[in-house]
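Start at 1 with the first residue, then count along the sequence. Only heavy atoms go into these numbers, but all of them, side chains included; no hydrogens, no water, no symmetry mates.
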Amino acid sequence: MRAALWFLILFGMAAAAALFAGNNQGSVTLFWPPYRIDLSLNLVLLLLALGFVTLYAALRALAALLELPREARRWRLRQKERAMHGALLDGLAHLLAGRFVRARRAADAALQQEQALQAGGETVAHAVALRTLAHVVAAEGSHALQDRSTRETHLRAALASAPAQGPVRVQELREGVQLRAARWTLDDRDPAGALEQLAALPHGAARRTLALRIKLKAARLAGRTGDALETARLLAKHRAFSATAAQGILRSLATNLLDGAHDAAQLQQLWTALEPTERNMPELAIHAAQRLAALGGEPSQVRAWLLPAWERLVELPHALPDAQALKLVRTLEASLDSLDAAWLARIEAAQQANPRDSRLQYLAGVACLRRGLWGKAQQLLTQAVTQLHDASLRASAWCHLATLAEQRGDAEAAAQAWKNAALQVAQHT
């Protein structure tokens, strides 16, 4: 459509020119004594148009000629900028390919090009970013080559070229350099130095996933389990791990934190400081209860900590692995000396709701034994001893039956029970 319009305009102009030129009888007379020159008006107009075009072309040619030195200077500047960008890209490519010596050499070449341009008074767009990235590439290559002195030199140069009070882009570049420096320090097995560098970051940058990952590793390496646990919680909220991995990391760190307690009071304080979701982890609750019992804590407190794991075992007998269920039963058994009526009723109700669970039968029998209900204890332990899969539990059940037989004065039954217990211990070992 546009081409058709142009053709119409051209045809119109041609028709107008033909009408004007064909019927134009005008003339122009030039007097140059003693001469007289008569020219047609059409020829004069044509000569004026040609003169204008010639003058315009001459002026443009003169301007282009005068512009040649500046164009040559700009061309040389573009060539140097392209060489600088190419050297930086080569350095990044070599770094990704694992050619660290070539990467550092290419970064140094880019820095030399930038310095030459700066010395010549040329202003390069994004000079700060290019210079900083070149220093980072050189420092990364030096770090891979275990050349710490060169790495630190380029690191200081990168931080100096990206001031903290610069534009937003420059500030983000500086934060990236600081994160890389923290990572390098952590690789040098200096967790304290890495944590110091992370502490120098702005508040927003320090809460980024990358910074939190570095902080988690540094805190674990430095033995600062509390800080590592807090950092792992933040990473879990940011979904930096899968749900299973996050649960495993939190459980491991919380276990290490509880293992650092020196007495029952300190353990109680650490346990209270944990998140509710962490206290409801069966494995962690069982470990904490075992630790509390080892430190001489109150049996009632031990049972209170075991309550979430116990409820899960009762509701879903196969929800806990056999090893965890065995630990739970053993820990509860150790805390049954001062068993109250509420827990006795809880254990009996669980055993009646799951009559085929030999572990609950065994635990109910021990609870009855602790409460002096010897007849019921005898019945439950006798039913459980032939169904228990764990040799250690069978040995304990035979020991309890031997104790009951001795209390009844049945020496023969007691001897047989002790013999069976010894056989189970020998089998277990």
Side-chain angles (χ1 to χ4, degrees), residues 1-18 20-21 24 28 30 32 37 39-96 102-138 154 157-163 165-174 176-177:
M1 185 65 183
R2 183 177 299 179
L5 291 176
W6 274 110
F7 276 118
L8 290 175
I9 293 172
L10 290 175
F11 289 154
M13 292 175 62
F20 176 77
N24 189 3
V28 177
L30 298 177
W32 190 278
I37 303 175
L39 299 172
S40 67
L41 181 60
N42 293 339
L43 180 59
V44 171
L45 294 177
L46 180 60
L47 291 176
L48 287 175
L50 291 176
F52 173 78
V53 171
T54 303
L55 180 62
Y56 178 77
L59 291 176
R60 289 295 302 269
L62 180 61
L65 181 63
L66 296 176
E67 190 68 20
L68 280 178
R70 286 190 291 270
E71 286 292 334
R73 183 181 178 183
R74 284 195 290 267
W75 182 83
R76 289 193 298 268
L77 177 60
R78 287 195 296 268
Q79 291 299 109
K80 291 180 180 179
E81 288 183 0
R82 290 172 182 171
M84 180 178 61
H85 285 83
L88 181 58
L89 291 176
D90 289 341
L92 290 171
H94 291 317
L95 187 64
L96 294 176
R102 295 186 181 183
R104 186 168 62 177
R105 189 182 303 125
D108 289 336
L111 289 171
Q112 291 175 3
Q113 291 282 352
E114 194 275 334
Q115 291 173 0
L117 289 173
Q118 189 176 11
E122 302 291 347
T123 302
V124 182
H126 313 298
V128 174
L130 289 171
R131 188 186 318 120
T132 305
L133 288 175
H135 282 299
V136 171
V137 171
H154 284 288
L159 292 175
S161 62
Q165 303 301 326
V168 177
R169 180 180 297 176
V170 177
Q171 293 179 8
E172 292 180 350
L173 191 60
R174 181 182 179 86
V177 175

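Between Leu130 and Gln113 there is no side-chain heavy-atom pair separated by less than 4.5 Å.
The minimum heavy-atom distance between Ala110 and Ala134, with the atom names listed, is CB-CB, 4.5 Å. Taking both residues in full, the closest heavy atoms of Pro163 and Ser161 are given as CD-O, 3.4 Å, listed atom of the first, atom of the second, then distance. The minimum heavy-atom distance linking Ala103 with Val137 is given by the pair O-CG1, 4.0 Å. What you find for Val170 and Ala162 is that their closest heavy atoms are CG1-CA, 3.7 Å.
For Glu114, the side-chain hydrogen bond (donor to acceptor under 3.5 Å, both in side chains) partners two or more places apart in sequence, or in a different chain, are Arg131. Scanning for side-chain contact (heavy atoms from CB on, under 4.5 Å) contacts around Leu173 gives Ala129, Thr132, Leu133, with sequence neighbours left out. Residues passing the side-chain contact (heavy atoms from CB on, under 4.5 Å) test with Arg70 are Glu67, Arg74, sequence neighbours excluded. Residues passing the side-chain contact (heavy atoms from CB on, under 4.5 Å) test with Leu46, sequence neighbours excluded: Leu50. Every residue meeting the side-chain hydrogen bond (donor to acceptor under 3.5 Å, both in side chains) condition with Arg73, not counting sequence neighbours, appears here in chain and number order: Glu122.
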Residues 82-95, side-chain donor-acceptor partners within the protein, below 3.5 Å, at least two apart:
{"unit_1": "Arg82", "atom_1": "NH1", "unit_2": "Gln79", "atom_2": "OE1", "d": "3.0"}
{"unit_1": "His85", "atom_1": "ND1", "unit_2": "Glu81", "atom_2": "O", "d": "2.7"}

Evaluation steps, side-chain contact (heavy atoms from CB on, under 4.5 Å), between Asp108 and His154: CA-CA 10 Å; Asp108 289 336; His154 284 288; 3.5 Å; yes
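Within a 6.0 Å sphere centred on CZ of Arg78, other residues, nucleotides and ligands contribute more than 12 heavy atoms.
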